[in-house]
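Each remark here refers to the structure printed beneath this line.
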Amino acid sequence: MYGLKKNLTEQFNPDCEGMTFYELPFLRVEEFDYPAIAKMIEDDGADIIWMALGAPKQEQFMARLNPYLKRGVQIAVGEAFKFYSGTGEKYAPRVLHDAVEELHVVLHHPLKKQLKRCWGIVSTLPGMLWREWKRKRASAEG
């Protein structure tokens, strides 16, 4: 949780420094001590309770915790905290996303319209990649 608190505090709101972040142990939904968790939340005075356990576990957890809470609203955010803390899944590079999007455009638009455009990409890309590879190799050696 340190990564999340640090990133939220530095990038979005310095007030996050004073907030309580609690990482739940890895347990089955039935095994949590819901009265103790609710007491911790009550003692903290939290009005917003963010849940990031992943579906459907977080929804089941929230449903079981709710009868023990006297205040606050629970919000399920799934993987959002992992993303903002820098500990989440690594995603494909932007260039790969762009290439897949280009392929989608080519496959879903009239072929005549795309042939000229695609030929320019297909005919120049190998040379560009080769030159970039040589440039990076030369800079790494020297």
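Just so we're clear, the structure is a prediction, and the values are computed from it rather than from any experiment. Position 1 is the first residue of the sequence; numbering continues from there.
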Inset, instruction - Drop me the distance from Asp98's CG to Leu103's CG, to the nearest 0.5 angstrom. - result: 12.5 Å
Inset, instruction - State plainly whether one hydrophobic cluster holds both Trp130 and Leu125, where clusters connect Ile, Leu, Val, Met, Phe, Trp and Tyr through side-chain heavy atoms under 4.5 angstrom apart. - result: no
Inset, instruction - Output every pair passing salt bridge (Lys or Arg N to Asp or Glu O under 4.0 Å) with a member in residues 42-52, not counting sequence neighbours, ordered by first then second residue. - result: Lys39-Asp43, Asp47-Arg71
Inset, instruction - Hey, can you tell me if Tyr34 and Phe61 have their rings parallel, tilted or perpendicular (30° and 60° cut-offs)? - result: tilted
Inset, instruction - Take Ile49 and Leu69 through the side-chain contact (heavy atoms from CB on, under 4.5 Å) test and state the conclusion after the steps. - result: CA-CA 10 Å; Ile49 305 150; Leu69 294 174; 3.8 Å; yes
Inset, instruction - Mind running side-chain contact (heavy atoms from CB on, under 4.5 Å) on Met51 and Leu65 for me, showing each step along the way? - result: CA-CA 11 Å; Met51 299 292 175; Leu65 179 64; 3.6 Å; yes
Inset, instruction - Decide whether Ile48 and Phe21 are clustered together by the hydrophobic rule: side chain heavy atoms of Ile, Leu, Val, Met, Phe, Trp, Tyr closer than 4.5 Å, transitively. - result: yes
Legend entry - Hphob cluster co-occupancy, Met19 + Val73, side-chain heavy atoms under 4.5 angstrom: yes
Legend entry - Intermediate values then yes/no, side-chain contact (heavy atoms from CB on, under 4.5 Å), Phe32 and Arg64: CA-CA 9 Å; Phe32 287 104; Arg64 288 174 179 255; over 6 Å; no
Inset, instruction - Return yes if some donor-acceptor pair links the side-chain N/O of Gln60 with the main-chain N/O of Val29 below 3.5 Å, else return no. - result: no
Legend entry - Minimum-distance pair of heavy atoms, taken over all atoms of Ala63 and Pro67: O-CD, 3.3 Å
Legend entry - Heavy-atom side-chain proximity of Tyr68 to Asn66 below 4.5 angstrom: no
Legend entry - Euclidean distance, Asp33 CG relative to Leu27 CG, rounded to 0.5 Å: 10.0 Å
Legend entry - Pairs touching residues 122-132 that satisfy salt bridge (Lys or Arg N to Asp or Glu O under 4.0 Å), sequence neighbours left out: Glu132-Arg135
Legend entry - N/O donor-acceptor pair under 3.5 Å between Glu141 side chain and Ala138 backbone: no
Legend entry - Closest non-hydrogen atom pair between Ala76 and Glu59, with its separation: CB-OE2, 4.1 Å
